[in-house]
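Every number for a ligand or one of its atoms is a count from 1 in the order of the listing.
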Amino acid sequence: MQIGNVLEDLFTQNQFMAAMIVNNEGIILSMSDTYMRLLNLPKEKIIGRPVKEVTPNTRVFTVLTTGKAMVGYNWKVNDRNMIASTIPIFKEGKVVGAFAYSVFPDIWDAKNLVENLLSELNMYRDEVDSLYTAKHNFEDIVGDEKRFKKIKAFAQQIANHPYTTVLITGESGTGKELIAHAIHNNSCRAKFHFLRINCAAIPENLLEAELFGYEEGAFTGAKKGGKPGKFELANGGTIFLDEIGEMSLSMQSKLLVVLQEQVIERLGGNHPVRVNVRVIAATNRNLELMIEEKKFREDLFYRLNVVHLEMPSLRKRKEDIPILTRHLIEKLNLRLCTMVAGISAEALDLLGQYPWPGNIRELENALERAIILADMENTAILNTRHFAFLNNRYDFQLASPSQSLKSATQEFEKEVIIKTLNDTDFNIIKTAEYLEIDLSSLYRKIRKYNIKVKE
Ligand SMILES: Nc1ncnc2c1ncn2[C@@H]1O[C@H](COP(=O)(O)OP(=O)(O)OP(=O)(O)O)[C@@H](O)[C@H]1O
Ligand SMILES: [Mg+2]
């Protein structure tokens with residue numbers, strides 16, 4: 001490969017560059033194919049011709065006489081706009097010619113590039129906005145059960161008190177996040193950000209920087225210019241501290257100070273910033289028990305617990321299963337692009353018998369699975385067949401057909417206890433609740449059947 005040839009090819013064939021070389025008298029010695037195409041002239045009317053004949057407005061002569069480059073001027077060829085530059089070529093200290101080129105053959109290419117970048121930027125902006133906005137409203141929170149309706153009405157009232165801190169407790173999947181969104185959206189804070197922080201997902205050493213931000217150089221790896229924390233970003237709006245029960249004791253102390261003073265200080269910084277943020281905290285842990293075990297600060301608990309919403313488990317509001325099911329089928333139809341019309345009475349009955357340890361999220365997942373099954377067989381109404389997987393929990397086979405009734409019953413009992421323990425992640429209290437027996441008899445049976453209980 002000869003460098004000279006490569007350069008020659010680059011110069012003449014580079015489709016992104018209109019370029020030409022003239023000698024010190026302004027005679028065109030060479031021109032790139034792109035430029036020739038733009039001029040729409042045959043080669044013999046270009047090469048060896050005075051540049052003035054080809055492009056009367058040329059700046060080449062200025063460069064040839066001054067010996068100074070002209071960079072980045074507007075250049076028009078046959079109504080097409082370009083950004084061009086012309087630089088002198090020197091030999092032994094004398095100007096022997098000039099090299100003229102445009103980086104973008106057409107300024108509109110640059111414009112298109114900028115427009116594409118802008119639309120991409122706007123897409124990311126929207127995405128960030130959607131991350132920072134609360135999606136759900138009170139209309140999305142379905143339920144007619146008496147106590148549930150009271151909690152919902154209470155939450156609607158709290159929305160009107162934008163400075164009140166709220167603690168939402170309840171088992172997994174009971175709608176804690178949903179209600180936090182709705183409170184934010186119905187308050188005067190709605191036009192500001194709603195920011196969720198999952199205290200369990202962020203490693204303890206990063207949580208402080210995440211919540212309060214940091215200044216440049218606060219620690220090794222700190223970004224240039226520093227970074228605002230979620231409290232600063234949520235200013236005016238709401239911060240949702242999810243899984244607050246997982247927060248370390250030292251972070252709890254720092255959070256308490258912020259709640260008391262309404263002031264944050266970035267890590268490595270020394271100017272406190274006043275913030276106006278409503279805090280909504282949620283957990284599925286029993287914080288009072290954690291206080292007894294010295295795992296949660298009592299003073300922080302009282303600070304958060306100004307208003308307490310306790311989301312009931314689905315087991316305690318089984319009468320809501322039909323209306324929730326209808327609502328979720330509609331929601332899932334939209335998401336899955338399916339057209340399931342409803343559910344049979346028998347299937348609804350089956351859903352009513354199931355204990356739903358994962359609450360509404362589990363119901364939603366079960367319906368999603370059933371809808372997909374029904375859709376695959378083109379059935380419009382969900383029926384018991386589509387929920388067969390729920391039955392597996394208590395489905396078991398007799399070890400031997402000639403068993404006595406007593407030993408078969410005991411075996412069944414043991415099986416049910418083990419399955420429920422597994423489902424509740426070995427939570428003894430929940431297991432007793434699902435099985436509707438008291439704790440002492442559950443412990444007795446665990447000992448009797450020699451069931452291994454995880455620590
Ligand atoms: N009352 C309700 N009406 C309609 N949908 C609900 C209701 N409660 C919960 N859901 C739905 O159930 C799912 C779980 O709700 P959400 O995420 O709010 O639960 P969570 O209590 O925060 O659970 P976790 O503790 O596991 O985080 C969501 O898809 C939500 O939309
Ligand atoms: Mg949640």
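Using modelled atom types and a 3.5 Å distance limit, the side chains of S253 and R297 yield a donor-acceptor pair. No hydrogens or angles considered: nothing links the side chains of Y101 and S32 as a donor-acceptor pair under 3.5 Å.
Regarding atom 13 (C) of ligand 1, its nearest protein heavy-atom neighbour is E364 OE1, 3.7 Å. What sits closest to atom 23 (O) of ligand 1 on the protein, heavy atoms only, is G173 N, 2.8 Å. In this structure, the protein non-hydrogen atom closest to atom 9 (C) of ligand 1 is G175 CA, 3.5 Å. Protein heavy atom in closest approach to atom 10 (N) of ligand 1: I360 CG2, 3.4 Å. Among all non-hydrogen protein atoms, the one lying nearest atom 27 (O) of ligand 1 is R361 NH2, 3.6 Å. The nearest heavy-atom contact from the protein to atom 22 (O) of ligand 1 is E177 N, 3.2 Å. In terms of protein heavy-atom proximity, atom 25 (O) of ligand 1 is closest to K176 NZ, 2.6 Å. The protein non-hydrogen atom at the shortest distance from atom 31 (O) of ligand 1 is K331 NZ, 3.1 Å.
Within 6.0 Å of the CD1 atom in I451, the count of heavy atoms belonging to other residues, nucleotides or ligands exceeds 12. The number of heavy-atom neighbours closer than 6.0 Å to OH of Y73, taken from other residues, nucleotides and ligands shown, is above 12.
Atoms of ligand 1 lying under 4.0 Å from at least one heavy atom of F148, given by number and element, are 1 (N). For ligand 1, the atoms sitting less than 4.0 Å from at least one non-hydrogen atom of L324 are 2 (C), 3 (N), 4 (C), numbered in the order shown with element in parentheses. Within ligand 1, the atoms closer than 4.0 Å to a non-hydrogen atom of V142 are 1 (N), 2 (C), 3 (N), 4 (C), numbered from 1 in the order shown.
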Only pairs under 3.5 Å count here: list side-chain donor-acceptor contacts from residues 342-351, not counting sequence neighbours, and write none if there are none.
unit_1 : atom_1 : unit_2 : atom_2 : d
S344   : OG     : E346   : OE1    : 3.4
S344   : OG     : A347   : N      : 3.1

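Residues forming a salt bridge (charged side-chain N to carboxylate O under 4.0 Å, His left out) with E265 (at least two apart in sequence, or on another chain): none.
By the 30° and 60° cut-offs, the orientation of the rings of H181 relative to H136 is tilted.
For ligand 1, none of its N or O atoms has an N or O atom of H136 under 3.5 Å away. For H327, no nitrogen or oxygen atom sits less than 3.5 Å from a nitrogen or oxygen atom of ligand 1, counting backbone and side chain alike.
Using a 4.0 Å cut-off between a side-chain N of Lys or Arg and a carboxylate O of Asp or Glu, K316 and E171 do not qualify as a salt bridge.
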* Begin with the C-alpha distance, continue with both residues' side-chain angles, and end with the deciding distance and a verdict on side-chain hydrogen bond (donor to acceptor under 3.5 Å, both in side chains) for D438 and S441. => CA-CA 6 Å; D438 47 58; S441 48; 3.1 Å; yes

